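From a predicted model like this one, the values you see are computed outputs, not experimental measurements. The chains referred to below are lettered A, B, ... by the order of the sequence lines, with proteins before strands, and numbering in each begins at 1.
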2 protein chains.
Amino acid sequence: MALEHAILVSLLEKPGSGYELARRFERSIGYFWTATHQQIYRVLKRMEGDGWIDVREVPQQGRPDKKEYSVAGPGRAALSGWLHEPIEPESVRHDLAVKIRGAAFDDPAALIREVERHHRAHSDRLAHYLAGELRDFTGPEAPAAPGDAGQELQHVVLRGGIAYERMTIAWLDDVLATLHRLRAGH
Amino acid sequence: MALEHAILVSLLEKPGSGYELARRFERSIGYFWTATHQQIYRVLKRMEGDGWIDVREVPQQGRPDKKEYSVAGPGRAALSGWLHEPIEPESVRHDLAVKIRGAAFDDPAALIREVERHHRAHSDRLAHYLAGELRDFTGPEAPAAPGDAGQELQHVVLRGGIAYERMTIAWLDDVLATLHRLRAGH
DNA sequence: TCCTGCTATGCAACTCGTTTCATATACAAG
DNA sequence: CTTGTATATGAAACGAGTTGCATAGCAGGA
């Protein structure tokens, strides 16, 4: 399980409540690791029980109070331990690839709309990444200190996301061309 | 759940036993959808109970007998139904990306070996894909009929795998350069 | 003969993750 | 003053996936 580690990283970058973490997992970190608020609250409970994180009740005005979590010593140690362990290169799950191979036994042309939908979704995500890169790293407002390890590492992860989306979009173009070719040659 | 659909596709491409499916999920299909033999046997049982697939006891010599499964009418209909349903663009889980961001709170240089390991794994997989492409699609032994939808679709999925590995390798080069730069600038 | 290894199938227990439902505060729009 | 939306937390049930264990046929080698 790496959700706890993803949460530790996020809390180290900035302490926050379960709710705030859930929002971060919809953006930023969430592009590389997904989680629902349910999972997050449950894991936060466990980590608190294990002494990995500290809680602080924060009264708020204009909205319900929250519990702000921050990483404690044992949590930092656990993260460090995990960082030094080797992990297996990820096992992928591409529904769409299964669908494409399955289309050989159905109507390939029926997939065109679906593939176009994915194409749009990935284009949107790419645009979102590029906007974030301009805002946080390469734009005029970006911090001018290039020596900050955290900045550099967040940027290289973001560049990975950008490369992934570009590759995927190019591949979906290839898929669409193939589907159209199959339809033309029926 | 798409495991049942991945199994249906694989059985349509070629009927086989649970054991054979498990092996296919270590190669071929497995590059786009992973599954252990446990899961496969369990799902096969359920699908058989639901009448999606037929079983045939196949006596073998020199090895234990096996049960060969093939897709039945209802299974084909279920697959077709799934193919026409829209699916959400996949949610990714990149342990390595989490590790890289986490390295900001530890020693970034300690990640170099890990990243190099992943680099090798992806290079191996790329070489494997390219060999498969040469064997099955672009080599002199490849079937000369380019009109076969199944062939075309398997090839475009494989091209996706190749593009993914190339992109990942290039990104890991970027990551390594970044880690070395951070170490140099201590 | 025993041990190793590959083929072949499966149960049981557990962990991880999703879905559904429930609760409460607060502000804004109608 | 009701409805909708955003913040904030959580229980309970279910489904998906992993890990460990068990069994058994058959082959080849020490």
Worksheet item: Under 4.0 Å between a side-chain N/O of B/Lys45 and OP1 or OP2 of C/dG10, yes or no?
Response: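 The answer is yes; a side-chain N or O of B/Lys45 sits under 4.0 Å from OP1 or OP2.
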Worksheet item: Between B/Lys67 and C/dG10, is there a side-chain N or O to OP1/OP2 distance below 4.0 Å?
Response: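 Looking at the OP1 and OP2 atoms of C/dG10, one of them is under 4.0 Å from a side-chain N or O of B/Lys67.
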Fill in: salt bridge (charged side-chain N to carboxylate O under 4.0 Å, His left out) against A/Asp65, all qualifying residues, sequence neighbours excluded
none
Protein-nucleotide distance ([X], atom [atom1]; [N], atom [atom2]), rounded to Å:
X       : N      : atom1 : atom2 : result
B/Leu44 : C/dG10 : CG    : P     : 9 Å
A/Trp33 : C/dG17 : CH2   : C1'   : 11 Å
B/Ile40 : C/dT7  : CD1   : C1'   : 15 Å
B/Asp65 : D/dT23 : CG    : C1'   : 15 Å
B/Tyr69 : C/dA8  : OH    : C1'   : 11 Å
B/Lys66 : D/dT23 : NZ    : P     : 26 Å
A/Arg46 : D/dG10 : CZ    : C1'   : 16 Å
A/Arg42 : C/dC16 : CZ    : C1'   : 8 Å

Discussion item. Please encode protein proximity along nucleotides 20-28 of chain C as a string of B, S and -, counting only heavy-atom distances under 4.0 Å.
Written reply: B----BSS-
Item to complete: Verify, without hydrogens or angle tests, whether B/Ser80 (side chain) and B/Arg76 (backbone) share a donor-acceptor contact under 3.5 angstrom.
Response: no
Practice prompt. Report yes or no: do B/Asp95 and A/His5 form a side-chain donor-acceptor pair below 3.5 Å?
Written response: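 There is no such pair (donor and acceptor under 3.5 Å, judged by atom type) between the side chains of B/Asp95 and A/His5.
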Worksheet entry | Test item: side-chain donor near acceptor, B/His94 and A/Tyr164, under 3.5 Å | no
Worksheet item: Does B/His180 have any ring-ring contact (aromatic ring centres under 6.0 Å, His included) partners at least two apart in sequence or in another chain, and if so, which?
Response: none
Item to complete: Not counting sequence neighbours, which residues clear ring-ring contact (aromatic ring centres under 6.0 Å, His included) with B/Phe105? List them please.
Response: none
Worksheet item: Any side-chain heavy atom of B/Leu179 within less than 4.5 Å of one from B/Ile100?
Response: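 Counting from C-beta outward, B/Leu179 and B/Ile100 never come under 4.5 Å.
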Worksheet item: Looking at B/Lys14 and B/Glu20, does any basic side-chain N land under 4.0 Å from a carboxylate oxygen?
Response: no
Fill in: Listed nucleotide nearest any side-chain atom of A/Gln39, set C/dA8, C/dT18, D/dG17
C/dT18
Worksheet entry | Close approaches to DNA chain C from residues 17-30 of chain A, in residue order (heavy atom, under 4.0 Å) | none
Worksheet entry | B/Tyr41 or B/Arg93, whichever maps to the more 5' nucleotide of DNA chain C | B/Tyr41
Discussion item. Going by the rule side-chain hydrogen bond (donor to acceptor under 3.5 Å, both in side chains), which residues pair with B/Ser10 if we only count those two or more places apart in sequence or in a different chain?
Written reply: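 Scan of B/Ser10 (side-chain hydrogen bond (donor to acceptor under 3.5 Å, both in side chains), adjacent residues dropped) gives B/Arg24.
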